[in-house]
Number of protein chains: 2
Amino acid sequence: MLELSERKQHILAVIVERYIATGEPVGSKVICTQMGNAVSSATIRNDMADLVELGLLAQPHTSAGRIPSQAGYRYYVDNLMADYELDADEQERIKIWLGSFSSEPDKLLEKAGSILAELTNCVAVSSSPADSDAIIRRIELVPLSNHTAMIVLLASSGILKSAVVRSDAEINMDIAEVFYNICQTYFVSRSVSDISIPFIQTLVASLGDKVFVMSPFLCAIADLCEAVKTTDLHLKGQNNILNHSELSEEAFGLMDFIHRGTPLENMLDSHKAPLNVAIGSENVYRELKNSTTIFSKYSVGNKDSGSIGIIGPTRLDYAHLIPTIKYLAGVIGNMLTETLDE
Amino acid sequence: MLELSERKQHILAVIVERYIATGEPVGSKVICTQMGNAVSSATIRNDMADLVELGLLAQPHTSAGRIPSQAGYRYYVDNLMADYELDADEQERIKIWLGSFSSEPDKLLEKAGSILAELTNCVAVSSSPADSDAIIRRIELVPLSNHTAMIVLLASSGILKSAVVRSDAEINMDIAEVFYNICQTYFVSRSVSDISIPFIQTLVASLGDKVFVMSPFLCAIADLCEAVKTTDLHLKGQNNILNHSELSEEAFGLMDFIHRGTPLENMLDSHKAPLNVAIGSENVYRELKNSTTIFSKYSVGNKDSGSIGIIGPTRLDYAHLIPTIKYLAGVIGNMLTETLDE
DNA sequence: GTTAGCACTCACCCACACAGAGTGCTAACA
DNA sequence: TGTTAGCACTCTGTGTGGGTGAGTGCTAAC
């Protein structure tokens, strides 16, 4: 790690924080005042020149002040940033906002995304748990009309998926009973990755005369298992991209990137640590080379499941946003774990 | 309605279609060629001057060609536009895309929005049916674990709402039975607007010792009824706003507008006709004064329910988009009606 | 009513000058 | 050796003026 004199660290911190606040390059004179005129602006200029040399600061042009380079932000996040905890008020507010309506996992994640977008003024992304090894906990048939029913599947990943199925035959108690038995025998307690199309086909073949009645339901179950294995991304606050003038050049590319879906999923999947902060070109995808991504995983029942986080400019209030995202991920994890309580 | 000579109509049509295709102002010479040199460019210039006089064309500046004014688009849509039907291929493609996974109403609408965004390169908006007079068709309790259950509510508007509820007491057959009886007696066949907070309070008071077990469920039902009364908006293809250079000036305002939600809901609610095309300042909200909105209502069980449509620039391929949106609305209506079949 | 011919009008592009902010460097100082 | 005052320098942003070209509007003839 880079060794910096106390004063240079202080100067770097002032520049980062001031630039984060104003978006304007910071000149030596301003820093001088900010530091209570402890040293002259010329001294600060000398230090700033050194910091540029070290790659921690950048100069948009000769006659402008300095702005943090991506490495400068990184140094700030790793070494200078004040530890900040959400105060009880903020914590309470988030909890109430999130829990005002006890909802399904997918809706909870969507709502968490909305909250995050609101709090951060960035694009918020939340991913629902995708777990190929998830076990089917329960499957229920909910009759809706004579010919339609809803199938609900609860997986050990805490995720709940449902589909509406239409059957040509009337859905009565008999059918429900048969469905229940099939589920208990062939589906419940198995891994979702066992439920392949061939599996369904063999199963269907063994059903005899019930095959026509049952097959739409069984196909729906296969679809639901597929859905359990698939990551769902929820995007919120896309309007915030245009809020950040430094992103206006690449707003189009960014928008396109987040709408493409798959690369974003891959990125979230590749995260190993519970918290990931990627500044500028630390991001794998070059579409994000001028953006910062902050993502936190949440865990359902002690197992890392999905992520929630933001995509924004590199000029971000890291000191406040990182703890906020961490906290939100914690709350979501707890709420989703509850559904699995036996 | 404005009386125009055959030739002027033709010139207007050429200008509108060419401008839609290229985005460049159209000059007299180009039109001349397009019309097979039937008349000279000077003649066309004279006609164009008349069309400007009538307010159907506009001139970005003296030495540029002409572009359609908003009134010009309107005249085109009302009188000149070719009637276009989706061919069987396109129809089939939409149906397959939409119906690949028999889904819940909300998800169906979301998917329809995605399809529309894809097909039109515009922001697609779909609203789920909100009906204050909807009748509760069914309420079902789906146990998920010892202490959590899902409540599913089907309303006559074709909409299905669900919530996950956590109860301190264990959820067993007894509780399911009590719940079922309460639902049959107090909820099913009533209008969702009857299920007010006071109603729930009186009901709770009459439950005696079951009050603690039941109240979270009953509160959830009240929330669900509220949800049935509320319009849900699904936005898709927001990246498309940046695709249209003519909207880049107001991209920020537009983005903000569609994210505010309520005005958009009000707009959809105010539509009386099955198909609404508002060009530029025909839109009530001034944020849309340079945009076009095309919305079609879909009906569930012969009753107008929600809308689906797009927001884009005034420069749109009206001749193709309008039939596409109409068709999609028709398909959605049919699919949602099916769920209600008794 | 239609056409050819021509002057005219802007938007666009480029080059240039000017002001202002903030620096880099030098020489003096503690 | 580290710090400071002073000053020339550099580069952006803005505004001004001339040149080019596309497309028009107008006039006079057909």
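Naming convention: chains lettered A, B, ... in sequence-line order (proteins, then strands); numbering from 1 in each chain. This structure is a prediction, so every number in the text was calculated from the model and none was measured.
With sequence neighbours left out, Ala42(A) forms a side-chain contact (heavy atoms from CB on, under 4.5 Å) with Ser40(A), Arg45(A). Applying the ring-ring contact (aromatic ring centres under 6.0 Å, His included) rule to His320(A) yields the partners Tyr84(A); only residues at least two apart in sequence or on another chain are considered. By the side-chain contact (heavy atoms from CB on, under 4.5 Å) test, Ser270(A) is found to be paired with no residue, residues two or more places apart in sequence or in another chain being considered. Tyr285(B) meets the ring-ring contact (aromatic ring centres under 6.0 Å, His included) test with Phe257(B); sequence neighbours excluded. Residues satisfying the ring-ring contact (aromatic ring centres under 6.0 Å, His included) test with Tyr19(A), not counting sequence neighbours, are none.
A donor-acceptor contact shorter than 3.5 Å is absent between the side chain of Glu85(B) and the backbone of Pro323(B). Formation of a donor-acceptor pair under 3.5 Å by the His244(B) side chain with backbone atoms of Asn121(B) is found in this model. Side chain of Gln91(B) to main chain of Leu86(B): a donor-acceptor pair is present (N/O by atom type, distance under 3.5 Å, no hydrogens or angles).
Contacts between residues 18-30 of chain A and DNA chain D, counted as heavy-atom distances below 4.0 Å, involve no residue at all. Contacts between residues 42-62 of chain B and DNA chain D, defined by a heavy-atom separation below 4.0 Å, involve Arg45(B), Met48(B), Gln59(B), Thr62(B), listed by number. Residues from residues 65-73 of chain A that place a heavy atom under 4.0 Å from any atom of DNA chain D: there are none.
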Check: protein-nucleotides 28-30 of chain C nitrogen or oxygen pairs below 3.5 Å:
none

Below 3.5 Å between N/O atoms, which protein atoms pair up with nucleotides 16-18 of chain D? Just atom names and distances, please.
none

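Taking the side chain as every heavy atom from C-beta outward, Arg315(A) and Ile67(A) never approach each other to under 4.5 Å. Inter-residue side-chain proximity for Leu264(B) and Ile311(B) is flagged as met; some heavy-atom pair is nearer than 4.5 Å.
Legend: side chain to side chain donor-acceptor pair (under 3.5 Å) pairs involving residues 60-71 of chain B, not counting sequence neighbours, sorted by first then second residue: Gln70(B)-Ser281(B).
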>> Working note: Tyr75(B) + Gln9(B), criterion side-chain hydrogen bond (donor to acceptor under 3.5 Å, both in side chains); need CA distance, chi angles, decisive distance, verdict.
In response: CA-CA 9 Å; Tyr75(B) 191 94; Gln9(B) 292 194 4; 3.2 Å; yes

> Can Lys236(B) and Leu116(B) be said to form a side chain to side chain contact (heavy atoms under 4.5 Å, CB included), step by step?
Replying inline: CA-CA 8 Å; Lys236(B) 293 284 168 179; Leu116(B) 196 53; over 6 Å; no

>> Checking Glu90(B) against Tyr327(B) for the side chain to side chain contact (heavy atoms under 4.5 Å, CB included) test, could you report, in this order, the C-alpha distance in whole Å, the side-chain angles of both residues, the deciding distance, and whether it holds?
In response: CA-CA 10 Å; Glu90(B) 290 172 297; Tyr327(B) 178 76; over 6 Å; no

> Run the side chain to side chain contact (heavy atoms under 4.5 Å, CB included) check on Ile310(B) and Asn240(B) step by step: do they pass?
Replying inline: CA-CA 11 Å; Ile310(B) 58 167; Asn240(B) 290 328; over 6 Å; no

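Distance, Ile15(A) CD1 to dT23(C) C1': 13 Å, rounded to whole Å. Taking atom CD1 on Ile11(A) and atom P on dG2(D), their separation rounds to 14 Å, with Å as the unit.
The shortest non-hydrogen separation linking Ala124(B) to Gly113(B) is CB-O, 3.3 Å.
Between Gln34(B) and the options His10(B), Glu17(B), Arg18(B), a side-chain contact (heavy atoms from CB on, under 4.5 Å) holds for only Arg18(B).
For Ser63(B), counting side-chain heavy atoms from C-beta on, the closest listed nucleotide (dT3(D), dC11(D), dA22(D)) is dA22(D).
Side-chain contact of Thr292(A) with Tyr73(A): a donor-acceptor pair under 3.5 Å is absent, judged by distance alone.
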> When Watson-Crick pairs (N1 to N3 and N6-O4 or O6-N4) and G-U wobble pairs (N1-O2 and O6-N3) count only below 3.5 Å on both distances, what is the dot-bracket string of DNA chain D, with | for other-strand pairs?
Replying inline: ||||||||||||||||||||||||||||||

